[in-house]
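The chains referred to below are lettered A, B, ... by the order of the sequence lines, with proteins before strands, and numbering in each begins at 1. Since this is a predicted model, take the numbers as computed values, not measurements.
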Amino acid sequence: MSKTIVIDGKVIPFEDGQTIIQAATAAGVYIPHLCHNPKFTPHGSCKLCTVKVNGRNCSACTFPASEGQNITNISEELNDDREKITQMLFVEGNHFCPSCEKTGNCNLQAVAYHLGMTDNHFPHFFENREVDASHPDVMIDHNRCIFCTLCVRASQQEDGKNVFAISGRGIEKRLVVNSPSGLLRDSDLDVNDCAAHICPTGAILIKRTGYNVPIGQRIFDHAHIDTVALAAEGASHDE
Amino acid sequence: MQNFIKNLAQENDFQATRLLKILRGVQTKYLHIPKDAIEQLAELLNIPRTQIQNVVEFYSFFHLQPRGQYDILISSSITDLMVGQEELVNYFAEKLGLKIGEVRADGVVSLNNTSCTGMCDQSLAGLVNGYAITKLTKSRIDEIVENVNKQLPLEQWSRDLFDVQDNIIKSDLLLNQKPTQGEAINATFARGLMETLNEVEKSGLRGRGGAGYTTAWKWKFCHEENAIQRYIVCNADEGEPGTFKDRVLLNSYADSVFEGMTVAAAIIGATQGFIYLRGEYLHLYEKLEGILQARRNANLLGKNILQHGFDFDIEICLGAGAYICGEESALIESLEGKAGIPRNRPPYPVVSGYLNKPTSVNNVETFLAAANIAIHGGEWFANLGTAKSKGTKILSISGDCAKAGIYEYPFGTTIQTILNDCGASDVLGVQVGGPSGTFIANDEFERKIAFEDLATGGSFIVFNNSRNILDIVHNFSHFFAHESCGFCTPCRVGTSLLKKQVDKIVEGHGSAGDIVALEELCQLIKNYSHCGLGQTAANPVLTTLERYPELYQSMLKKISYEPGFDLDKSLETARRMAHRDDAHAHLAQVED
Ligand SMILES: Cc1cc2nc3c(=O)[nH]c(=O)nc-3n(C[C@H](O)[C@H](O)[C@H](O)COP(=O)(O)O)c2cc1C
Ligand code: SF4
Ligand code: SF4
Ligand code: FES
Ligand code: FES
């Protein structure tokens, strides 16, 4: 007998050591998420993956699955609150999707659509953030960084480097580059690094490729993020 | 500089865990952390430069740009505001000839505000180069300005400026004890380690840092973990505005606190302990080092303590201005030389704490209680208190009362009794447990100090009827936004949004929908934040909105919608560029 948890009434098997999101993904259940990527150690910071475990809010990407958990993933309350958390990310940065190269391939945008977000709800911060275009092949547009640390983790865990880090406290947080000048040009980032391609938003972009795939033919133009995520991440769980 | 940094790193055995201590040395010497120092330290400690950069940017007491030779910080806690903080700081700035937040052009002095420095019983308080100054008045400010302008070395300033009083006003079970050195250690070994753990369990002692977890269980779990190395940590971060009892315990009961740590270490099987002392208590550092050394000399620390075949020592680690480092897993990160960002749980620190080894983090007062329980037994303690809250609680009382200071009460004591004792009259309400706690109104004074009613880490701030509740909420909301570590979205973005929303209402720009929006935002921050900071950051609004809804309503304009940004203000740049200031260059917020 394998051990099981229950998500929205559905019985789902899990193995010891699995997080709730890992068990869910393997069983074809989508839990909205942004800072989680099954390839890397979980971070637990965006809070989009919050589910109710026996009535208590937990981050599905970090919380271990265990016998007896009765989990709510889909409810009006959770959906509304996830939408508001997403709106927080939108107003914190400067996301002008129509003029963003990533539009249609952007997880932040796709999650927002998935949650039915139609406006930003909160007042904008309109923070002045910079663009680092110093690297020959890769650029950073800090306006779109949501501090998910996926690039940080990818660089450390996949590329064996340490190109990115998050620095500062509170609302002053920012992405920094590990180079003497602080510029991407002077770091050891290579265009083929996983870290250059992992960003869920349009904050790290590969130069000269932005419109290779025309708008209308992009990932989320034809599929919802739940299907896309389950296909991609379900597969990588089995690796 | 190269040699200085190299020596500093060497003195700290090139250990990255000592990064905060090293940076403190650099900051003191160069008044900031120069870029070259970061580069050199990255090499010497073998860590990425970005880790050092992050630490410098995370902690309020490290700076990338030079501060003045005299760096003056003034506490901006609500109790400071109540003695006229704003006026006095402005006076200070004017006399020094600088703007708040800035360094004077000659580089001699800088002035800024800071979060509560733990001196609410002797406000207005502040720090000069990290050392506490108290009871600031215009004449004391004049004296400081003169010292600064003469560039008088700190050692030659009048000692009176640095005078920190204990103000112990009411002692009970714990504060009345004056055990001899080694008494608790000997009693523990005489009775047996597990027998002593049983006594701690029997005492019903629950953590005094706020969360109230049963101390004996924490020690038991830590002890039962399979590990070669375990750690015991004393949480002396005491950052909750209005709390200052740990400062007094460390000033006058340090031996007992260290003894409590030693007893705990013997029980769980730790050989190394740390005391995480908030940077604001730098004035206690040397004294505590001295006491630790005396204890080593008396074989109360070190190898084979009092011939019981047990080794243990304690190291003091100073914080650097970050309230979040009071949260136990953030504290552990800080001990490891990193930014104080709370970890994901599980695993809990008792399983995987400092350097991923089982670690028990306990409050200063918890250790003091444990030392005395080791001597007198569990029943002695459990005889006082209520069903779920045994023993006594040491309170830090400040605000509108005749006698601010330290009061020890059996759990179950009513708010009214406490108010009578401290000489409070015409009371509007009391903030129990600090900004993260509860605001109670004057029809609730029969409520009790107890985990099952009003839980508190010790902060107790009294407000009389001359005070405005919204000023209090305003101050607390700014505190949380400033102290959020920024790790998780709901707290990082939410506390800043909350600050803006409170400002909007307090400044009279709120309209009908804004109270609903305010409450909705509060629930979001409370329910989705990663750690206790975010989960309690909305309490000031929630607890006052519940009690004084009409007060919030009265601040609203009689229109249905007011935009979040100031229309007219946002045209300022355009006006400046067009050199215009006529009526047509201004916009009203709403059409008349
Ligand atoms: C934001 C935050 C700040 C805290 N600050 C302190 C503190 O200054 N001192 C303290 O003892 N506990 C503090 N705590 C509680 C600690 O996380 C921890 O529960 C406590 O140190 C455990 O000791 P105890 O069991 O003796 O209470 C804080 C918690 C949070 C969430
Ligand atoms: S740059 Fe992208 S991947 Fe990196 S932290 Fe920001 S949003 Fe995440
Ligand atoms: S709740 Fe606030 S302080 Fe706690 S982890 Fe989240 S951002 Fe940091
Ligand atoms: S996906 Fe779980 S917190 Fe971000
Ligand atoms: S579309 Fe550009 S950040 Fe999402």
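Proximity to chain B involves both the backbone and the side chain of F125(A), based on heavy atoms less than 4.5 angstrom apart. With a threshold of 4.5 angstrom between heavy atoms, L524(B) approaches chain A through side-chain atoms but not through N, CA, C or O. With a threshold of 4.5 angstrom between heavy atoms, N527(B) approaches chain A through its backbone and through its side chain. Residue L78(A) touches chain B through both its backbone and its side chain, counting heavy-atom pairs closer than 4.5 Å. Using a 4.5 Å cut-off between heavy atoms, Q501(B) does not touch chain A at all. If you measure heavy-atom distances from R343(B) to chain A, you find no contacts under 4.5 Å at all. Proximity to chain A is absent for every atom of T495(B), based on heavy atoms less than 4.5 angstrom apart. With a threshold of 4.5 angstrom between heavy atoms, N178(A) approaches chain B through its backbone and through its side chain. The part of I166(A) that comes within reach of chain B is its backbone (N, CA, C, O), which places non-hydrogen atoms under 4.5 angstrom from that chain. Proximity to chain B is limited to the side chain of P64(A), based on heavy atoms less than 4.5 angstrom apart. For Q53(B), the parts lying under 4.5 angstrom from a heavy atom of chain A are both the backbone and the side chain. With a threshold of 4.5 angstrom between heavy atoms, A517(B) does not approach chain A through any atom at all.
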Open item on the list: One pair to check against side chain to side chain contact (heavy atoms under 4.5 Å, CB included): T489(B) and Y528(B). What are the steps and the verdict?
Closed with: CA-CA 9 Å; T489(B) 316; Y528(B) 290 86; over 6 Å; no
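Of all the heavy atoms in A322(B) and Y59(B), the pair that sits closest is CB-CD2, 3.8 Å. Here the closest heavy-atom approach between residue P490(B) and residue K47(A) is recorded as CD-CG, 3.6 Å.
The environment of CG in N46(B) is sparse: at most 12 heavy-atom neighbours from other residues, nucleotides or ligands sit within 6.0 Å.
Side-chain N/O atoms of S45(A) and R492(B) include no donor and acceptor closer than 3.5 Å. Side chain to side chain, H530(B) and E327(B) fail the donor-acceptor criterion of an N or O pair below 3.5 Å. A donor-acceptor pair shorter than 3.5 Å cannot be found between the side chains of Y323(B) and S115(B). Q156(A) and N162(A) form a side-chain donor-acceptor contact under 3.5 Å, judged by distance and modelled atom types alone.
We find that R153(A) and E158(A) are not joined by a salt bridge, their nearest charged nitrogen and carboxylate oxygen being 4.0 Å or further apart.
Between chain A and the options L521(B), V55(B), T50(B), heavy-atom pairs under 4.5 Å are most frequent for T50(B). Counting heavy-atom pairs closer than 4.5 Å to chain B, the top-ranked of the candidates H121(A), R56(A), K84(A), M88(A) is M88(A).
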